[in-house]
Every structure is written in structure tokens, then in C-alpha cells.
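For reference, the structure discussed in these notes is given below.
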Amino acid sequence: MKFKKRVKLSNKFYARDSKVVAKELLGKILVRVINDKILKSKIVETEAYYDEKDPASRACLNGDLRETMKMGAGIILVYGVHNNWLINFVTGNLGEASAVLIRALEPLNFEGSTKGPGLLTKSLKIDKNFHKNNLLDSNSLWVENCKNKTNFEIAESFRVGVKKDLSIKLRFYIKGNKWVSKKCIKDKNQKI
DNA sequence: CGCCAGATTGACT
DNA sequence: GTCAATCTGGCGG
């Protein structure tokens, strides 16, 4: 009996600069298991967050979120804001605070509203219970490489919704993908 | 302890 | 266009 070769992303993948990880997560497959049902979706929009020198990052605050951001590559960080759960993957080396926010997904084998960071967590039933879980161990949530190579263009812009952004572009999305969040398509905040 | 702000969304004037 | 919902941590009394 032959199993499909699992191509779950490894610790090495996440243990790099969060900007690099954010960019490379585009097109990868997020797998969520709910009661033996496997929901697969493609990651189409991400944002990178850094340590204390990033004014938009929760690492600027003392507390559990900052500590979680230092827990090492592959840890899941769930952050509640404005009545929404936002999911992040911790990146970089142990002790460094950095993470990638998942902003939008394209559902592949199910119906769901996933064009936005708060919406996708609702659709996939991701909440604070996932906080501090590990993508490398979890049997209900992980990320795989895409089997079929698909060509797409990566677009970048400044981050959405943050009051104090850095001067570099840290939001990445698949150009033309209809599941990218509205704000991202409009690029309201983007300066040319 | 109370009140404010924030990486959001949806409902309503 | 405005506003409120919920969680976490900063800050003032």
C-alpha cells in the first residue's frame, strides 16, 4: 500500500527570516482536519512581523504573545483582536521574536469564506485552543508543499490595518487571485 | 480596577 | 460613512 509522500514543511522552512517565509508560504497548502474531514486550502496572502523594533508587532508588548513569538519556528500563535482570531506561524531562530500572519486562503476542497485573517480562522474553526501548538507535531493543522507546481506572480505592499508600519513592504500576495482580501486588492493604503 | 487601543468584520444610519 | 463586538496588555487612579 502506497501512501502519498507527505510534504509537510519542516522546521528548517520556518527557521528563517519571516519576510522570506511569508513570501514562500504563498501557494503552499494549509491542511486542517476537523472530525476526520480534511480541509485543504492554498495560502494566497501573508504578512511578516518582527521583534521589538517593529512597532506593529505584538513583540513590542510584554506578555505571553511576545514570549510565544520567541518559542521557535513552527509554533502556532493565535492572537485575538476586534472579536477575531488571527493565526500566525512563528519563524526565525529560537529566542528571536518574529512571525508570519496568514491573511487569506483559497479553499480547495470545501466551501468557505477565507478572504481575510479573521474570516479564515472562523471558516477553519481555529481559535485560541491552537495557541502554542506546533505545526510540525499537530495532527489537525499543518502546511504542505504544493504537489503541482503552479506559476504565479508574487505582489508585495505595505501591511494592512497597521497604524505604525515599517518603511519596507511586508505584505505578500498572489497577484490576481480572487481570494486575496479586499483591502489587499484595492491597495487603499499603498503609496506608489 | 477601569478604560483605551489594536494585525477586523459586518450591520446599520 | 459610523459603530460595536471580544481579547490582551499599557497605563492612570
Side-chain angles (χ1 to χ4, degrees), chain A residues 14 16-26 28 30 32 41 43-71 73-92 96-107 110-133 135 141 143 154-174 177-191:
Chain A
Y14 300 104
R16 295 178 294 164
D17 186 284
S18 68
K19 190 170 77 170
V20 175
V21 178
K23 210 181 280 191
E24 292 195 16
L25 273 174
L26 295 176
K28 298 288 189 288
L30 184 77
R32 167 79 169 109
S41 41
I43 299 173
V44 299
E45 184 183 347
T46 58
E47 278 178 8
Y49 286 83
Y50 286 100
D51 56 11
E52 292 88 342
K53 69 179 184 295
D54 179 355
S57 172
R58 290 274 121 169
C60 286
L61 308 179
N62 295 306
D64 178 64
L65 291 168
R66 176 204 257 163
E67 294 315 306
T68 307
M69 285 179 80
K70 296 181 178 179
M71 280 173 69
I75 297 289
I76 298 166
L77 185 155
V78 179
Y79 163 41
V81 72
H82 299 298
N83 197 24
N84 289 285
W85 297 114
L86 312 192
I87 185 169
N88 298 252
F89 301 152
V90 176
T91 59
E96 290 173 5
S98 70
V100 171
L101 165 70
I102 306 302
R103 284 194 58 87
L105 302 170
E106 174 185 344
F110 65 100
E111 300 281 322
S113 171
T114 54
K115 41 195 306 185
L119 294 173
L120 69 91
T121 52
K122 276 192 192 88
S123 283
L124 294 182
K125 301 197 192 322
I126 292 169
D127 58 19
K128 195 71 185 179
N129 291 322
F130 280 89
H131 191 52
K132 292 183 183 173
N133 281 17
L135 283 172
L141 187 66
V143 184
I154 295 176
E156 50 185 68
S157 75
F158 293 102
R159 292 177 293 191
V160 172
V162 299
K163 289 273 165 58
K164 298 174 184 173
D165 204 353
L166 294 171
S167 55
I168 50 173
K169 295 179 176 180
L170 289 174
R171 172 161 46 129
F172 308 98
Y173 57 96
I174 294 180
N177 188 291
K178 64 172 182 175
W179 288 96
V180 169
S181 66
K182 250 186 190 170
K183 277 184 184 171
C184 197
I185 291 170
K186 280 191 192 161
D187 276 340
K188 260 167 65 173
N189 308 333
Q190 185 167 1
K191 293 157 204 156

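The structure presented is a predicted model; accordingly, all values stated were derived computationally and were not measured. In what follows, chains carry the letters A, B, and so on, assigned in the order in which the sequence lines appear, proteins first and then strands, with residues in each chain numbered from 1.
For DNA chain B, if you chain together Watson-Crick or G-U pairs that step i with j, i+1 with j-1 and so on, the runs of at least three with distances under 3.5 Å are B:1-6 with C:7-12, B:8-12 with C:1-5.
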Check the interface with nucleotides 11-13 of chain C: list each N/O to N/O pair with the protein under 3.5 Å, or write none.
none

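Among the protein residues, Leu61(A) comes within range of the sugar-phosphate backbone only, with heavy atoms under 4.0 Å from sugar or phosphate atoms but none that close to a base.
Side-chain atoms of Glu47(A) never come within 3.5 Å of backbone atoms of Arg103(A) as a donor-acceptor pair (strictly under, hydrogens ignored). Checked by atom type and distance alone, the side chain of Asp54(A) never pairs as donor or acceptor with a backbone atom of Tyr49(A) at under 3.5 Å. Distance alone, capped at 3.5 Å, places no donor-acceptor pair between the Ser18(A) side chain and the Val100(A) backbone.
Between Lys122(A) atom NZ and dT9(B) atom C1' there is a gap of 6 Å when expressed in whole angstrom units. Distance CG (Leu65(A)) to C1' (dC7(C)): 10 Å, rounded to an integer number of Å. Residue Arg171(A) contributes atom CZ, which lies 11 Å from atom C1' of dA7(B) at whole-angstrom precision. Leu120(A) places its CG atom 16 Å from the C1' atom of dG10(B), with the value rounded to the nearest Å.
Contacts between residues 52-59 of chain A and DNA chain B, defined by a heavy-atom separation below 4.0 Å, involve Ala56(A), Arg58(A), listed by number. Scanning residues 77-92 of chain A for heavy-atom distances under 4.0 Å to DNA chain B yields Tyr79(A), Gly80(A), Val81(A), His82(A), Asn84(A), Leu86(A), Asn88(A).
Taking the salt bridge (charged side-chain N to carboxylate O under 4.0 Å, His left out) definition, one finds that Glu52(A) meets it with Arg66(A), Lys70(A), sequence neighbours left out. With sequence neighbours left out, the salt bridge (charged side-chain N to carboxylate O under 4.0 Å, His left out) criterion links Lys53(A) to Asp51(A).
Contact between the side-chain N/O atoms of Arg66(A) and the OP1/OP2 oxygens of dG9(C) is not found at any separation under 4.0 Å.
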